[in-house]
There are 2 protein chains.
Amino acid sequence: MEEMARILLVDDEDDILEFLGYNLRKAGFDVQTARNGREGHQVACQWKPHLVILDIMMPEVDGIEACQLIRLTPEIADTLVVFLTARGEDYSQIAGFDAGADDYIKKPVKPNVLISRIKALLRRVSTPESSQEIIQARDFIIDKERYVVIKDSQQIALSKKEFELLVFLTSRPGKVFSRDDIFANVWGSDVVVGDRTIDVHIRKLREKIGVENIKTYKGIGYSYV
Amino acid sequence: MEEMARILLVDDEDDILEFLGYNLRKAGFDVQTARNGREGHQVACQWKPHLVILDIMMPEVDGIEACQLIRLTPEIADTLVVFLTARGEDYSQIAGFDAGADDYIKKPVKPNVLISRIKALLRRVSTPESSQEIIQARDFIIDKERYVVIKDSQQIALSKKEFELLVFLTSRPGKVFSRDDIFANVWGSDVVVGDRTIDVHIRKLREKIGVENIKTYKGIGYSYV
DNA sequence: AGCAAGGTTAATTATTTCTTAATCGCTTAT
DNA sequence: ATAAGCGATTAAGAAATAATTAACCTTGCT
């Protein structure tokens with residue numbers, strides 16, 4: 001299953017939010033919205049979108065400032081940024097690229113144009129490392145090829161299930177995965193095993209990689225911290 | 001058992017009507033047909049299909065006009081519309097989306113392609129707000145994905161019920177929810193718990209996110225400010 | 001066949017969260 | 001001023017859920 005790209009749409013006009021949001025979702029993107037630059041930056045920090053669409057003209061914190069904010073926040077500094085510019089805002093092109101934009105699109109926006117530009121941008125970034133065999137988590141290196149995890153330059157041997165479980169949990173650090181999520185992705189939808197099975201694997205994993213790395217949310221699920 | 005989706009198929013060629021009709025029915029859809037745009041619109045008003053498949057080229061009223069008709073009729077304006085376009089009708093893509101199409105499919109149509117596209121469309125509509133994973137309240141970010149609330153860039157850990165309660169209250173800031181509303185939405189209609197239970201949860205919530213954010217309306221209910 | 005490793009289950013214990021009940025305090029109507 | 005009504009608070013018990021442990025299956029390998 002391929003993860004769909006997350007796109008954060010930041011504009012102060014509801015019409016545009018709705019219109020573009022609808023079309024982007026229809027194109028298969030996971031869309032989140034915000035109404036000004038500050039909100040946008042906050043959500044971006046939290047949600048880690050692959051791409052942010054910023055209207056230039058916005059109250060409070062405008063698009064260019066928002067872009068600068070993003071570039072100054074290490075965790076999300078390399079997020080793709082696309083500017084939306086009103087007709088005639090010529091300066092925006094220059095200022096936008098100065099601020100670190102990856103593309104800019106003139107209003108009125110045609111959905112299919114927007115979408116193809118976005119896809120092009122995403123493609124450009126995602127191609128080189130599509131066969132991600134080595135994953136870097138906070139203080140691990142996860143080597144899918146060798147089924148090995150390295151922590152503090154120490155190799156940790158994991159069994160298959162333990163390894164897959166870790167890979168899954170680290171796929172989105174912080175996200176809380178329900179037991180169902182875990183079953184569906186680590187075991188497969190057709191397999192039926194008891195609830196305790198996950199507990200036991202979680203326990204073994206914790207034993208090997210350190211308890212503090214996996215957090216329990218009672219009644220909800222587990223997350224990799 | 002889930003209600004099967006109603007699909008209205010509009011085309012002037014009997015072959016296609018029969019071929020697609022057969023395949024759609026086999027896929028479990030409830031299918032009705034019409035032979036031109038006018039008929040299609042009439043049947044749509046009457047039968048309220050979930051989705052309409054429109055051939056672009058038709059006598060009398062063509063597909064694009066039919067789509068516009070549908071969009072102009074309030075009762076069925078949000079029906080999903082899929083266009084069928086002959087090979088080489090390139091303009092149809094643009095014109096179709098302008099007319100408010102949700103998807104378009106090129107002829108010759110492969111049944112399995114058509115069906116998977118249709119299912120994708122229907123699925124998207126039936127999951128209204130599942131993708132809204134991050135909620136912005138006045139000074140919070142509520143992250144459903146991580147079951148975490150952030151206030152002043154501080155993470156606040158909430159239990160399951162507390163979290164659900166907060167999500168519910170913030171779903172409409174300012175609105176006063178009665179205890180019944182709250183029970184129905186946070187607990188579920190079948191669960192029976194005492195009145196004090198809500199008080200206690202409200203109290204805990206206030207303790208964590210700040211008393212000032214939840215206001216009591218004696219005899220009426222609570223609201224998120 | 002016998003062994004080892006990984007995976008699963010079941011039984012027990014531990015922990016957290018939810019609910020209840022008892023009591024207190026504030027507001028309002030008589 | 002007083003009682004009635006309603007919510008707040010508190011602590012304790014119940015229920016839900018997870019952690020732990022050990023035993024039990026498989027499977028693959030020698």
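Residue numbers start from 1 in every chain, and the chains themselves are labelled A, B, ... in the order their sequence lines are given, proteins ahead of strands. Quick caveat: nothing in here was measured; it's all calculated off a predicted structure.
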Chemist: Could you walk me through whether B/His50 and B/Thr79 pass the side chain to side chain donor-acceptor pair (under 3.5 Å) check?
Modeler: CA-CA 6 Å; B/His50 298 98; B/Thr79 308; over 6 Å; no
Chemist: Rounded to whole Å, please give me the gap between OH in B/Tyr217 and P in C/dT27.
Modeler: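 One finds 16 Å between P of C/dT27 and OH of B/Tyr217, rounded.
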Chemist: Within this structure, what is the CG-CZ distance for the pair A/Asp78 and A/Arg71, rounded to the nearest 0.5 Å?
Modeler: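 Interatomic distance, A/Asp78 CG to A/Arg71 CZ, rounded to 0.5 Å: 8.0 Å.
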Chemist: How far does NZ of A/Lys119 sit from CZ of A/Arg124, to the nearest 0.5 angstrom?
Modeler: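 Reported value, rounded in 0.5 Å steps: 15.5 Å.
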Chemist: Within a 6.0 Å radius of atom CZ on A/Arg206, are there more than 12 heavy atoms belonging to other residues, nucleotides or ligands?
Modeler: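 Counting other residues, nucleotides and ligands, CZ of A/Arg206 exceeds 12 neighbours.
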Chemist: Between C1' on C/dA11 and CG on A/Asp199, what's the gap in Å once rounded to a whole number?
Modeler: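 Rounding to the nearest Å, CG of A/Asp199 and C1' of C/dA11 are 13 Å apart.
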Chemist: Applying a 4.0 Å non-hydrogen cut-off, can you work out what A/Thr197 is touching in the nucleic acid: base, sugar-phosphate, or nothing?
Modeler: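 It contacts base atoms.
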Chemist: Take the protein atom NZ of A/Lys218 and the nucleotide atom P of C/dA14, then report the distance between them rounded to whole Å.
Modeler: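 Rounded to whole Å, this separation is 13 Å.
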Chemist: Does the ring centre of A/Phe177 sit less than 6.0 Å away from the ring centre of A/Tyr222?
Modeler: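 Not under 6.0 Å, so no.
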Chemist: What is the 5' to 3' range of DNA chain D, first to last nucleotide, that sits under 4.0 Å from any heavy atom of chain B?
Modeler: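 Listing 5' to 3', DNA chain D meets chain B from D/dG5 to D/dT10.
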Chemist: How many whole angstroms separate atom CG of A/Leu205 from atom P of C/dT8?
Modeler: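 Taking CG of A/Leu205 and P of C/dT8, I get 13 Å after rounding.
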Chemist: How about A/Arg179: does its CZ atom have over 12 heavy atoms from other parts shown lying under 6.0 Å from it?
Modeler: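 Enclosed.
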Chemist: Below 4.0 angstrom, which residues in residues 157-165 of chain B have at least one non-hydrogen atom near DNA chain D?
Modeler: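 Correct list: empty, so none.
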Chemist: Identify, between A/Val200 and A/Arg179, the residue whose nearest nucleotide on DNA chain D lies closer to the 5' end.
Modeler: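 Comparing both residues, the 5'-ward one is A/Arg179.
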Chemist: So, for A/Trp47 and A/Ile7, which heavy atoms are closest and what is the spacing to 0.1 Å?
Modeler: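 Here A/Trp47 and A/Ile7 meet closest at CZ3-O, 3.5 Å.
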Chemist: Take the protein atom NZ of A/Lys204 and the nucleotide atom C1' of C/dT9, then report the distance between them rounded to whole Å.
Modeler: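 To the nearest whole Å, that distance equals 12 Å.
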Chemist: To the nearest angstrom, how far is B/Ile202 atom CD1 from C/dC18 atom P?
Modeler: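 Whole-Å distance recorded here is 14 Å.
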Chemist: Please say whether more than 12 non-hydrogen atoms of neighbouring residues, nucleotides or ligands are located less than 6.0 Å from CD in B/Gln46.
Modeler: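 No, the 6.0 Å shell around CD holds no more than 12 heavy atoms from other groups.
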Chemist: Just how far, in rounded Å, is P of C/dT15 from CZ of A/Arg203?
Modeler: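 These atoms are roughly 15 Å apart.
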Chemist: When you measure from the side-chain N and O atoms of A/Trp187 to the phosphate of C/dG7, is any distance below 4.0 Å, counting only OP1 and OP2?
Modeler: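 Checking C/dG7 against A/Trp187, no side-chain N or O comes under 4.0 Å of OP1 or OP2.
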Chemist: Would you mind telling me which of C/dA22, C/dG7, C/dT19 lies closest to the side-chain atoms of B/Arg196?
Modeler: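 Of the candidates, C/dA22 comes closest.
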Chemist: What distance do A/Asp55 atom CG and A/Arg35 atom CZ have between them, rounded to the nearest 0.5 Å?
Modeler: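 CZ of A/Arg35 is found 13.0 Å from CG of A/Asp55.
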Chemist: Within the structure shown, what part of the strands sits under 4.0 Å from A/Tyr222 by heavy-atom distance: base, sugar-phosphate, or nothing?
Modeler: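 Sugar-phosphate contact only - A/Tyr222 comes under 4.0 Å of backbone atoms but never of a base.
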